[in-house]
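A quick write-up on the structure given underneath.
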2 protein chains.
Amino acid sequence: MLKLSKKTEYALMAVKFMARNAADGSVTAKEISEGYNIPYDLLSKVLQQLTHKKLVNSFQGIKGGYTLNHDPENVTLFDIISAVEPNYQITDCFQEGSTEKDCTYINCCMIRDPLAKVQKEIDKLFKAVTIQQILWP
Amino acid sequence: MLKLSKKTEYALMAVKFMARNAADGSVTAKEISEGYNIPYDLLSKVLQQLTHKKLVNSFQGIKGGYTLNHDPENVTLFDIISAVEPNYQITDCFQEGSTEKDCTYINCCMIRDPLAKVQKEIDKLFKAVTIQQILWP
DNA sequence: TTTAATAAGACTTATTTAGTCCTATATCAA
DNA sequence: TTGATATAGGACTAAATAAGTCTTATTAAA
């Protein structure tokens with residue numbers, strides 16, 4: 001409950017690895033996986049998700065790999081989390097596509113709106129934290 | 001993820017029910033359960049946890065039940081969450097009792113301290129929100 | 001002493017997360 | 001043009017956690 005998944009951790013670690021090794025050009029999933037002891041397949045998926053959100057560049061083929069697409073001070077924790085956590089919301093109520101019908105309680109969504117405000121505050125918090133701050137405190 | 005569990009939702013709903021029915025004296029788990037369509041056994045456990053944290057008073061015996069122990073403006077979302085979520089932390093790293101050994105990564109806890117700061121901000125946020133604000137917006 | 005409430009541990013089921021496996025596709029270089 | 005090695009991505013399995021259920025004990029009023 002209220003815990004970030006491994007995918008977020010792996011994403012942060014991968015970003016750190018890429019930033020550290022930026023001088024050597026692109027970095028492969030295998031290098032990150034072995035360098036930080038992260039399961040290769042799972043890491044690959046995380047990197048693919050980061051690629052879809054344009055947070056990293058990917059290069060296919062035998063000389064392929066990944067590079068960061070932005071400077072760490074221009075990427076926020078929110079960017080990483082929302083790239084990697086499938087439906088990141090503190091409660092189901094205001095999930096995308098949810099309707100009143102999804103709510104099984106009498107007095108439906110009695111706590112919905114106020115918690116939505118709390119959610120917005122959390123988003124704001126995550127948007128205020130850059131990867132730079134997290135990875136090089 | 002980063003989602004609150006049902007237990008937090010049920011706790012908030014139970015508090016709402018108790019506040020609404022404060023005039024009638026104590027309220028039973030059965031009444032809350034039937035009034036809001038919450039599973040009785042699970043609700044009972046939530047109420048027991050709230051009791052342990054002195055957020056509600058419990059009365060045993062045939063005329064028993066629960067009452068709120070504080071005014072809603074003096075109870076925060078943080079109080080409820082920490083009463084009910086077993087180990088509420090956005091990442092395992094700085095869980096109570098965790099040691100460096102628990103960390104399986106090379107470069108152990110490279111993201112630990114900065115995320116701990118984010119955690120503190122979230123705590124601060126939850127402590128700033130009262131039950132009053134959540135349940136009667 | 002019966003009745004209806006809380007207390008609490010053990011257990012089962014459902015859901016979600018984490019991790020694995022397999023195949024396709026891209027690209028470089030011999 | 002073919003072999004090697006990288007990303008892409010779907011399907012699947014296993015592990016962990018959350019949600020819900022069952023059972024027994026204890027409490028206290030009538």
Side-chain angles (χ1 to χ4, degrees), chain A residues 1-11 13-14 18 24-34 37-53 55-67 69 81 84-92 95 102 104-105, chain B residues 1-11 13-14 18 24-34 37-53 55-67 69 81 84-92 95 102 104-105:
Chain A
M1 19 53 252
L2 221 78
K3 197 160 60 184
L4 293 169
S5 73
K6 293 280 182 198
K7 287 168 79 180
T8 296
E9 283 185 35
Y10 295 161
M13 294 166 81
M18 283 184 272
D24 312 342
S26 75
V27 141
T28 68
K30 188 158 174 259
E31 287 168 332
I32 303 173
S33 160
E34 290 177 351
N37 200 30
I38 302 174
Y40 172 82
D41 290 289
L42 192 47
L43 175 65
S44 295
K45 286 194 171 34
V46 168
L47 287 165
Q48 283 166 31
Q49 289 179 290
L50 295 177
T51 303
H52 287 149
K53 293 295 174 79
L55 295 172
V56 307
N57 308 114
S58 86
F59 305 97
Q60 290 192 316
I62 195 164
K63 283 271 191 176
Y66 301 91
T67 61
N69 197 23
I81 291 175
V84 142
E85 307 282 352
N87 44 8
Y88 137 69
Q89 294 289 112
I90 57 171
T91 182
D92 287 322
Q95 211 74 255
D102 296 337
T104 57
Y105 310 126
Chain B
M1 20 108 86
L2 216 82
K3 196 160 59 183
L4 295 168
S5 73
K6 293 280 183 197
K7 287 168 78 179
T8 296
E9 284 185 33
Y10 296 162
M13 293 167 82
M18 283 184 272
D24 313 342
S26 75
V27 141
T28 67
K30 189 158 173 258
E31 286 169 332
I32 303 174
S33 159
E34 292 177 350
N37 200 29
I38 303 173
Y40 171 82
D41 289 290
L42 192 48
L43 175 65
S44 295
K45 287 201 168 29
V46 168
L47 287 165
Q48 283 166 32
Q49 289 179 291
L50 295 177
T51 302
H52 287 149
K53 293 296 174 77
L55 295 172
V56 307
N57 307 113
S58 87
F59 304 97
Q60 289 192 315
I62 196 167
K63 282 273 192 176
Y66 301 91
T67 60
N69 196 24
I81 292 175
V84 143
E85 306 282 352
N87 44 8
Y88 137 69
Q89 294 288 110
I90 57 171
T91 182
D92 287 322
Q95 210 74 255
D102 296 336
T104 55
Y105 310 126

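Heavy atoms only: backbone and side chains are in, while hydrogens, waters and symmetry mates are out. Here is how names work: the chains are called A, B, and so on, in the same order as the sequence lines, proteins then strands, and each is numbered from 1.
- If you measure from atom CD of B/Q60 to atom P of C/dA7, you get 5 Å, rounded to the nearest angstrom.
- Look at NZ on A/K63: it is 9 Å from C1' on C/dA29, rounded to the nearest Å.
- Dashed line: the shortest gap from a side-chain N or O of B/H52 to OP1 or OP2 of C/dA7 is not under 4.0 Å.
- Rounded to whole angstrom, the span from the OH atom of A/Y66 across to the P atom of C/dT27 amounts to 14 Å.
- If you measure from atom CD1 of B/I62 to atom P of D/dA29, you get 10 Å, rounded to the nearest angstrom.
- Side chain of B/T28, nearest nucleotide from C/dC21, C/dT6, D/dT21: C/dT6.
- If you measure from atom CG of B/N57 to atom C1' of C/dT6, you get 13 Å, rounded to the nearest angstrom.
- One atom, NZ of A/K6, and another, C1' of D/dT17, lie 14 Å apart when rounded to the nearest Å.
- Side-chain nitrogen and oxygen atoms of A/S5 include at least one within less than 4.0 Å of the OP1 or OP2 phosphate oxygen of C/dA18.
- Look at B/Y88 and you won't find any side-chain N or O under 4.0 angstrom from OP1 or OP2 of D/dA18.
- The side chain of A/K30 lies closest to D/dA6, out of C/dT20, D/dA6, D/dA8.
- Judged by distance alone with a 3.5 Å cut-off, no donor-acceptor contact links the side chain of B/K7 to the base of D/dG20.
- For B/K3 against A/Q89, the heavy-atom pair with the smallest separation is CG-O, 3.4 Å.
- Two residues, B/P39 and A/V27, neighbour DNA chain D, and the one matched to the more 5' nucleotide by heavy-atom proximity is A/V27.
- Looking at the side chain of A/K3, the nearest of the listed nucleotides D/dT17, C/dG9, C/dG19 is D/dT17.
- Residue A/E85 comes nearest to A/S5 through the heavy atom pair OE2-OG, 2.9 Å, listed as atom of the first residue, atom of the second, then distance.
- Within 4.0 Å (heavy atoms only), B/F59 reaches sugar-phosphate atoms of the nucleic acid but no base atom.
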Problem set entry | Test log, rule side chain to side chain contact (heavy atoms under 4.5 Å, CB included), inputs A/Q49 and A/K7 | CA-CA 10 Å; A/Q49 289 179 290; A/K7 287 168 79 180; 3.1 Å; yes
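- Evaluated for a side-chain contact (heavy atoms from CB on, under 4.5 Å) with B/V46, the options B/V84, B/T8, B/D41 yield exactly one hit, B/V84.
- B/I32 and B/M18 make their closest contact through CD1-CG, 4.4 Å (heavy atoms, listed as atom of the first residue, atom of the second, distance).
- Put simply, B/Y40 has a side-chain N or O that comes within less than 4.0 Å of OP1 or OP2 on C/dT6.
- Listed candidates were C/dG9, C/dC21, C/dA7. Nearest to the side chain of B/K45 is C/dG9.
- Distances shorter than 4.0 Å separate none of the side-chain N or O atoms of B/S44 from OP1 or OP2 on C/dA7.
- Between A/Q49 atom CD and C/dG19 atom P there is a gap of 14 Å when expressed in whole angstrom units.
- Rounding to whole angstrom units, OH of residue A/Y10 and C1' of C/dA18 are separated by 7 Å.
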